Structures are given as structure tokens and as C-alpha cells.
**Q** 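Sending over a structure as C-alpha cells; questions will come in a sec.
Because the structure is predicted, anything quoted here is derived from the model rather than measured. By convention in this document, chain letters (A, B, ...) are assigned in the order of the sequence lines, proteins followed by strands, and residues within each chain are numbered from 1.
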2 protein chains.
Amino acid sequence: MTTEPESPTAGRPRSEEAHQAILDATLSLLQEVGFSALTVEGVAGRAGVGKATIYRRWPSKLPLVVEAFGQLPGLEDHDTGSLAGDLKAMLRGYLSAFNDSPLATVLPSLAGERRHNPQLSELFEPVMAGRRAPLQSALRRAVERGELPDDIDLRLAADLVVGPIAVRLFFTGAKLHPDMVDPIVDLALRGLR
Amino acid sequence: MTTEPESPTAGRPRSEEAHQAILDATLSLLQEVGFSALTVEGVAGRAGVGKATIYRRWPSKLPLVVEAFGQLPGLEDHDTGSLAGDLKAMLRGYLSAFNDSPLATVLPSLAGERRHNPQLSELFEPVMAGRRAPLQSALRRAVERGELPDDIDLRLAADLVVGPIAVRLFFTGAKLHPDMVDPIVDLALRGLR
DNA sequence: CGATTACGGAACGTATAGTATCGTAATTCC
DNA sequence: GGAATTACGATACTATACGTTCCGTAATCG
């Protein structure tokens, strides 16, 4: 089952240029027409590439989209000295880039698809974990500083902060504006009371 | 743009039986094969109905799925006397039914699709609002009891509670177990601190 | 009983995923 | 430098599924 590339030594090497052109075309088309209207022929056309060149690299459309998605920026770590400052800086930076990238459309589509496609789910998992990592780091720093209790569930804490953003992204058609970050972080830290 | 059914007085009336059979078949197939593998021909076959009978009622597959989805149970209001009790009872009840229904697969798929399909988004919006309503009611009662401050943003408060569940549903392949509810509600009420 | 509308079934047109094949271009080995 | 090998863009092809259209039949109204 291990289909290693075998890295052949002879023959024409695969064009790294074409590889990147395909990923770029995928991202720009994703942004323009969205996931469900994305066609492999469209990607090939925009990338100036034959369909076979795409299928030689990715077994199907889904892994291609996942890899293109993986190139998009995730959370960037900030160390401001306080948990509230870290969270606000990170999330604000993320949301600033969010609406101008294919993220807002691709993320829900892929999230929806993975429930039916275990293969996609496996590809998707590490990508998502990597995107969440800076959030975990900030929370861990807060625990070390004594800002958070030692026994706190870091995973749940992260989900509490990101949750309201996810809800707005998935359950409403609303845009995600960076200004929504501060009230969210404040409420998550204080609690509903 | 208002395409009213015009409710014709003559001719054979549309079979309400077929209508329900189509919705039932849609739900059961949704559960079995998931959204992306759902075909209209499959629905017609299982419902014992011609494809034309489906397209006479719904203009495309998406509105059909939305209407079928609308038949699934949402949050059910509980009035236990305390906010924590209300939230835990509601969410636990919901999650109990969640994994055995097509909800876990259909919800993310539809949520992903709506970003590119304004028509779907319009159909989807009121359905989602109705599902959230009991949560808003419980929070409103808590404000009236003085359990929550008057100036709290009810929408944000609701998102804070539901958020961690949404994150797990969309960003991970994890099952949603009712036992996860209590820690979530407790943390949302107390805050990270 | 005649007009009208819906029924299940089947054929059809179109679009797209994914495969296969073409002649050509790039690279390695001898 | 030439043969072998692999990738290239292009195109044709197969299979699937949406959505439309037609068929003969069934149900309802006037």
C-alpha cells in the first residue's frame, strides 16, 4: 500500500515550476469560484498545464485542494507578555488576512467534506493541528506565568476562544472582522459569570 | 421573482405521501452515504418515485437537502432554574441524538456549501436561526433572573457556549459525546480566568 | 365524461472526474 | 553523442450524475 515516489534517477524531472503553478491556480480559482465549482480542467487551463500533469502529482482533486490550502497562512504566534494580548494579536492578525484569502470559503468546504472521506481527513488533520499550534503555545505560556490554573484543559481552552469565530464562520454568512476579536477574548477569559 | 405554487384547483393533486417519502429517503441516504455521495437518482429509487416528481417540487438537490435537514431535531428548551442546568440539559440532549442522525455529516456540508451559493444561504439561514432559538431563550431567562449582567451580548454568549462543540465538529473528525458538555458549560460560565 | 395535472419510468443532453494515448521535450546512463 | 527513460501539453475517451423532456397512465375537478 506504500506508494513511494521511488524518486527515479533517469528521465525528465518533474517541473517544480508546473507544480507551483498548479497550486497557485488552484488557490486563485478557489477564491473566485469556490470549492464546489472548482474543476480540474479549469485548474489545468489556468496553470497552463495538461490534466495528466495534475493527476501525476495528486491522485484526485481533494488532496490537491488540501495541499493548496496548506500553503495559506495560519495563526502566527505573538508573545506580548499577557494572555489577552497574545490572543488578541494572533486572532486579529489571522482575521485580517482571512477575508481576502480563499480561507473563508475553502475551510468550511473541506471541513464538510472530511466527514465522508477518511482519506481526506487524514491529510487534513496535521494541517489543522499545525494551524492551531501557536494558540496552544500562548496558552501554555500563560499557565507557566501563572495566569491560568495548572489543571486547565488546554485543548478545551483553545476551543473556547476560537469557538465563537468558528460558529460565525460556519453557521452564518457573516464576514469575520478583526474587531470582533477583543470582545470574544475578553468574554472567554472572564466567562459569562 | 416570487414563484408561487399558484395552487391549481384542477388536475391530480400532488401526492403528500410521495413528498414525505422523498424527504425520508433523502435523510436515510444522507446518513448512509453522506452528502457528497448523495444522488437524486438514488433518492428517487429509494422513495419509489420518478426523478421528475422530485424536480417538480424542488428546483435542485440543495433545497431538497435543506428541507430534509430542517426536519431533524434541533435544540430543545429546558427550564431547570439555573443557566448551567439549562445549558447542560439542552446540549446533552442535542448531542445524544447527534451522532445517530445525519446531522453530523449534513451540517458541515451545508455550511461549507452556502459560502458559494447565496440561494442556499437564504434557505439555510432561518433554519439555523430556529435551531439556535432555545439557547437564546435560556440566556434571556438567566439575564432576567440576574444570573447574567444586563448588558451581555446574547449572541456572543451563545456562540461562546456552542463554539467548542462547533470546533470539534468542523475541525476534527471526533465524535460529539454528551459527556463533553459539562466541562464546556462550566468553563464558558467561569471563563479561563 | 372531458380537461387538467401528477404519477413512475425511461431516454436524453451536458458537464466533469479520472484514464489513456499521442507526439514532443528534458534528463541520465553508457 | 545516442539510447533509454520519464515528464510534458494536448486530446480523446469512459463513466457518472445532474437536470430536462417525453411517454402512457392515474387521479381529481367541473
Side-chain angles (χ1 to χ4, degrees), chain A residues 3-26 29-30 32-68 109-110 113 116-117 119-120, chain B residues 3-26 29-30 32-68 109-110 113 116-117 119-120:
Chain A
T3 40
E4 291 165 21
E6 303 189 14
S7 63
T9 174
R12 177 174 175 173
R14 291 195 183 170
S15 161
E16 191 51 46
E17 205 175 282
H19 195 91
Q20 193 57 47
I22 292 167
L23 289 175
D24 291 347
T26 303
L29 275 174
L30 232 26
E32 285 172 32
V33 307
F35 178 79
S36 60
L38 184 83
T39 70
V40 176
E41 253 154 359
V43 172
R46 176 159 304 189
V49 146
K51 268 208 299 184
T53 301
I54 294 179
Y55 283 106
R56 201 173 287 120
R57 290 168 162 79
W58 294 276
S60 74
K61 189 168 70 165
L62 242 28
L64 166 61
V65 172
V66 173
E67 183 168 335
S109 293
L110 290 180
E113 200 60 33
H116 305 298
N117 198 326
Q119 181 195 355
L120 170 67
Chain B
T3 41
E4 288 162 22
E6 303 188 14
S7 63
T9 173
R12 177 174 175 174
R14 291 195 183 168
S15 162
E16 190 52 46
E17 206 173 282
H19 195 92
Q20 193 58 46
I22 292 167
L23 288 175
D24 291 347
T26 302
L29 275 174
L30 233 26
E32 286 173 33
V33 307
F35 177 78
S36 59
L38 183 83
T39 70
V40 175
E41 250 151 1
V43 172
R46 175 159 306 188
V49 146
K51 267 207 300 181
T53 301
I54 294 179
Y55 283 105
R56 202 173 288 120
R57 291 167 161 80
W58 294 276
S60 74
K61 188 168 71 165
L62 241 27
L64 166 62
V65 172
V66 173
E67 183 167 336
S109 292
L110 291 181
E113 202 59 33
H116 304 299
N117 198 326
Q119 181 195 355
L120 170 67

**Q** Can you find a pair of side-chain heavy atoms, one from A:R57 and one from A:E67, that are under 4.5 Å apart?
**A**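 A side-chain contact under 4.5 Å is absent here.
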**Q** How many angstroms lie between atom NE2 of A:H19 and atom CD of A:E17, to the nearest 0.5 angstrom?
**A** 13.0 Å
**Q** Distance check: side-chain N/O of A:R57 vs OP1/OP2 of D:dC8, anything under 4.0 Å?
**A**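 It does, given that an N or O in the side chain of A:R57 lies less than 4.0 Å from OP1 or OP2 of D:dC8.
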**Q** On DNA chain D, nearest-nucleotide positions of B:R56 versus B:A37: which is more 5'?
**A** B:A37
**Q** Give the rounded distance in Å between these two atoms: CH2 of B:W58 and P of D:dC18.
**A** 15 Å
**Q** Would you check, one step at a time, whether the test side chain to side chain contact (heavy atoms under 4.5 Å, CB included) holds for A:K51 with A:I54?
**A** CA-CA 5 Å; A:K51 268 208 299 184; A:I54 294 179; 5.5 Å; no
**Q** At less than 4.0 Å, is any side-chain N or O atom of A:T53 found next to OP1 or OP2 of D:dG9? Yes or no.
**A** yes
**Q** How close or far is atom P of D:dC8 from atom CD1 of A:I22, stated in whole angstroms?
**A** 8 Å
**Q** Could you please name the option among D:dT28, D:dA7, C:dC7 that lies closest to any side-chain atom of A:R12?
**A** D:dA7
**Q** What is the distance from NE2 of B:H19 to C1' of C:dA6, rounded to the nearest Å?
**A** 14 Å
**Q** Would you say a side-chain N or O of A:T39 is under 4.0 Å from OP1 or OP2 of C:dT16?
**A**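 No, because none of the side-chain N or O atoms of A:T39 sits under 4.0 Å from OP1 or OP2 of C:dT16.
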**Q** Using heavy-atom distances to pick each residue's nearest nucleotide on DNA chain D, tell me which of B:P59 and A:S15 is more 5'.
**A** A:S15
**Q** Counting the atoms with a prime plus P, OP1 and OP2 as sugar-phosphate, which does A:A52 contact under 4.0 Å by heavy atoms, base, sugar-phosphate, or nothing?
**A**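 Contact class for A:A52: base.
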**Q** When you get a sec, tell me which of C:dG18, D:dC22, D:dA7 is the closest nucleotide to the side chain of A:S60?
**A**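 Per side-chain heavy atoms of A:S60, the pick is C:dG18.
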**Q** Looking only at side-chain atoms of A:K51, point me to the closest of C:dA17, D:dG19, C:dC7.
**A** C:dA17
**Q** Find the distance A:L62:CG to C:dT16:C1' and express it as a whole number of Å.
**A** 15 Å
**Q** Tell me, do B:L62 and B:F35 make a side-chain contact under 4.5 Å, heavy atoms counted?
**A** yes
**Q** Can you check the A:L64 CG to C:dA17 P distance for me, whole Å?
**A** 11 Å
**Q** Without decimals, in angstroms, what is the distance between A:E41 CD and C:dA17 P?
**A**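 About 7 Å, once rounded to whole Å.
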**Q** Expressed as a whole number of angstroms, how long is the span from A:I54:CD1 to D:dC8:P?
**A** 11 Å
**Q** Classify the nucleic acid contact of A:L38 as base, sugar-phosphate or nothing, counting any heavy atom under 4.0 Å across all strands shown.
**A**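 The residue A:L38 makes sugar-phosphate contact but no base contact.
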**Q** Heavy-atom nearest nucleotide on DNA chain C for A:G42 versus B:A47: which residue maps closer to 5'?
**A** B:A47
**Q** Return the value, rounded to whole Å, for the distance between atom CD of B:E17 and atom P of C:dG8.
**A** 10 Å
**Q** Under 6.0 Å from the CD atom of A:E32, do we count more than 12 heavy atoms belonging to anything else shown?
**A** yes
**Q** Please tell me which of the listed nucleotides, C:dC7, D:dT20, C:dG18, lies nearest to the side chain of B:Y55?
**A**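 Closest of the options to the side chain of B:Y55: D:dT20.
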